[in-house]
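Notes follow the structure.
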Amino acid sequence: MVIIDPMPKLILLTSEIEEYRQRLAQANLADLEFTDQPAECDIVLGEPRLIRDKMPHLSTVKWIQSMYAGVEALMDSSLRRDYVLTNARGVFGGLMSEYIFGYLLAHEKKIFERQQAQAANKWDRFESGWLKGKTIGLLGVGSIGAHLADTAKHFGMTVHGFTRGSETSTHVDRYFHPKGPLSRGERAEGEGLLEFASSLNYLVVVLPRTEGTNQIVNAELLNALPKHAILINVGRGNAVDELALVDALNAKKIAGAVLDVTAQEPLPQDHPFWRTPNLLLTFHTSAVSYPDDITRLFIENYQLYIEGKPLKYQVDFERGY
């Protein structure tokens, strides 16, 4: 339960302060005051990196609402943790589905190949593929993964999910779990990571950045994928062993990859990804935090806050998400 004071004070730590201030002012939230003084605020709504920079001055904060799903910037053990941290959930599923299935359909319907044929003045009527009956594997089945599973079912796809233990999505046809903690180089027997990968047409990575997810998509996992498989990463760049992926694509061990995230952003000019065949980069644009969505989420949690009720989407500092 969150303990609050009368007239809680909110500080906005974002590049869109005026947009959020206007939207929240129009909402007429009971007793809420705005402040630009970090040392006197009770609540923070903002971007994790900006919040991290102000953390030494946030001595009175009781609740921080992140505008992003990823909160790794606030997971440093040297930072204080005596507050409630909530992240953005339930607002990115639709955006992620549009992004991912846009690329799945482009691949199956050969959009890029037809564009090349047009540029070459070539009337080429090669046959399209289809999503129906294909298998999509979700590496991570949280709220976004569950939304993707639902969308996949609209296309008649088979859905496999790899997760620590949760099986809350009824749209996943088969779940796979590690024997122990999800870790780099996972070699779980039975329904483990490599078995999960072995039958996929598409592998979609939807994992947060944690120690346990570092380079989970490594050479062994890439070798376990069928040669026709496509890798899509919309989680965090740390999940992929980038040199192993370059090797796999150059050797045609998998058919292609779409990466919205990379280990270092912006991507260095000398990085091999710029020149790797069958690799598409989309520069961390798959799901933007829109003020309308984030404001609605904050208002929902603020109502719980002033009633002294548990907030939605609380982050576990030990797990990192």
Side-chain angles (χ1 to χ4, degrees), residues 15 47-53 67-76 78 92 95-96 98-100 102-104 106-107 110-113 115-116 119-120 137 139-140 144 182-186 193 197 200 202-289 320-321:
S15 58
E47 301 163 20
R49 290 183 181 177
L50 297 180
I51 297 170
R52 178 192 59 196
D53 294 341
M67 292 177 172
Y68 302 159
V71 290
E72 52 268 20
L74 300 174
M75 291 299 104
D76 190 323
S78 66
F92 299 121
L95 295 170
M96 286 293 193
E98 289 186 10
Y99 171 92
I100 289 166
Y103 281 98
L104 265 59
H107 174 71
K110 304 188 184 302
I111 300 299
F112 300 119
E113 292 89 339
Q115 185 181 41
Q116 292 169 359
L139 187 49
I144 293 174
L182 192 62
S183 61
R184 181 175 175 177
E186 164 64 38
L193 188 57
L200 301 180
Y202 297 98
L203 171 60
V204 181
V205 184
V206 204
L207 292 171
R209 182 190 299 277
T210 69
E211 286 297 322
T213 62
N214 280 334
Q215 296 192 0
I216 187 171
V217 180
N218 56 18
E220 188 176 23
L221 175 56
L222 292 168
N223 286 335
L225 288 169
K227 288 188 176 182
H228 58 259
I230 301 289
L231 167 69
I232 301 178
N233 187 10
V234 292
R236 286 293 183 265
N238 72 302
V240 175
D241 182 333
E242 295 186 339
L243 293 181
L245 178 58
V246 170
D247 289 343
L249 288 169
N250 279 322
K252 298 183 179 179
K253 293 181 179 179
I254 62 173
V258 181
L259 303 180
D260 188 50
V261 289
T262 52
Q264 184 178 345
E265 297 179 4
L267 193 69
Q269 288 296 310
D270 60 351
H271 197 287
F273 276 170
W274 295 109
R275 302 175 301 281
T276 301
N278 299 317
L279 173 66
L280 295 174
L281 298 167
T282 62
F283 319 116
H284 213 143
T285 58
S286 62
V288 177
S289 295
Y321 58 90

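When a residue number appears, it is its place in the shown sequence, counting from 1.
Partners of H107 under the side-chain hydrogen bond (donor to acceptor under 3.5 Å, both in side chains) rule, at least two apart in sequence or in another chain, do not exist in this structure. Among residues two or more places apart in sequence or in another chain, the side chain to side chain contact (heavy atoms under 4.5 Å, CB included) test is passed with D53 by none. The side-chain hydrogen bond (donor to acceptor under 3.5 Å, both in side chains) check on Y68 picks up nothing, with sequence neighbours excluded. When the side chain to side chain contact (heavy atoms under 4.5 Å, CB included) test is applied to A69, the partners found at least two apart in sequence or on another chain are F92. For K110, the side chain to side chain contact (heavy atoms under 4.5 Å, CB included) partners are E113, R114, F126, not counting sequence neighbours. For A73, the side chain to side chain contact (heavy atoms under 4.5 Å, CB included) partners two or more places apart in sequence, or in a different chain, are P48, R49, R52.
For residues 268-282, the side-chain hydrogen bond (donor to acceptor under 3.5 Å, both in side chains) pairs, not counting sequence neighbours, are Y99-T282, E242-H271, D260-T282. Sorted by first and then second residue, the ring pair (Phe, Tyr, Trp, His ring centres under 6.0 Å) pairs with a member in residues 245-266 form an empty list; sequence neighbours excluded. The stretch residues 228-238 participates, sequence neighbours left out, in these salt bridge (Lys or Arg N to Asp or Glu O under 4.0 Å) pairs: E72-R236.
Between the side chain of T213 and the backbone N or O of P208 there is at least one donor-acceptor pair closer than 3.5 Å. For S289 (side chain) and M67 (main-chain N/O), a donor-acceptor pair under 3.5 Å exists by modelled atom type. The main-chain N or O of T262 is found under 3.5 Å from a side-chain atom of E265 such that the two form a donor-acceptor pair.
The two residues P277 and N250 make their nearest non-hydrogen contact at CD-OD1, 3.1 Å. Annotation for A197 and P226: closest pair O-CD, 3.5 Å, computed over non-hydrogen atoms. Nearest approach of A229 to I254, heavy atoms of both residues: O-CB, 3.6 Å. Summarising the geometry of M96 relative to V234, their closest heavy-atom pair is CE-O, 3.6 Å, with the distance given to 0.1 Å. Nearest approach of I216 to L221, heavy atoms of both residues: O-CD2, 3.6 Å. Here the closest heavy-atom approach between residue V205 and residue A239 is recorded as CG1-CB, 4.0 Å.
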Legend entry - side-chain contact (heavy atoms from CB on, under 4.5 Å) between L267 and L281, worked out: CA-CA 10 Å; L267 193 69; L281 298 167; 3.7 Å; yes

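Residues L222 and L245 form a side-chain contact, since some pair of their non-hydrogen atoms from C-beta on lies under 4.5 Å apart. Y321 has its side chain out of reach of V71: every pair of non-hydrogen atoms, C-beta onward, lies at least 4.5 Å apart. Taking 4.5 Å as the limit, some side-chain heavy atom of L193 sits within range of a side-chain heavy atom of L139.
Within 6.0 Å of the CD1 atom in I111, the count of heavy atoms belonging to other residues, nucleotides or ligands exceeds 12.
Residue K253 holds its NZ atom at 11.5 Å from CG of L225, rounded to the nearest 0.5 Å. L243 contributes atom CG, which lies 8.0 Å from atom CZ of F273 (distance to the nearest 0.5 angstrom). Here the straight-line distance linking atom CG of L200 with atom NE2 of H228 works out to 8.0 Å at 0.5 Å rounding. A distance of 10.5 Å separates OG in S286 from CD1 in I232, rounded to the nearest 0.5 Å. Rounding to the nearest 0.5 Å places CG of N214 at 4.5 Å from CG of N238. I230 contributes atom CD1, which lies 9.0 Å from atom CG of L280 (distance to the nearest 0.5 angstrom).
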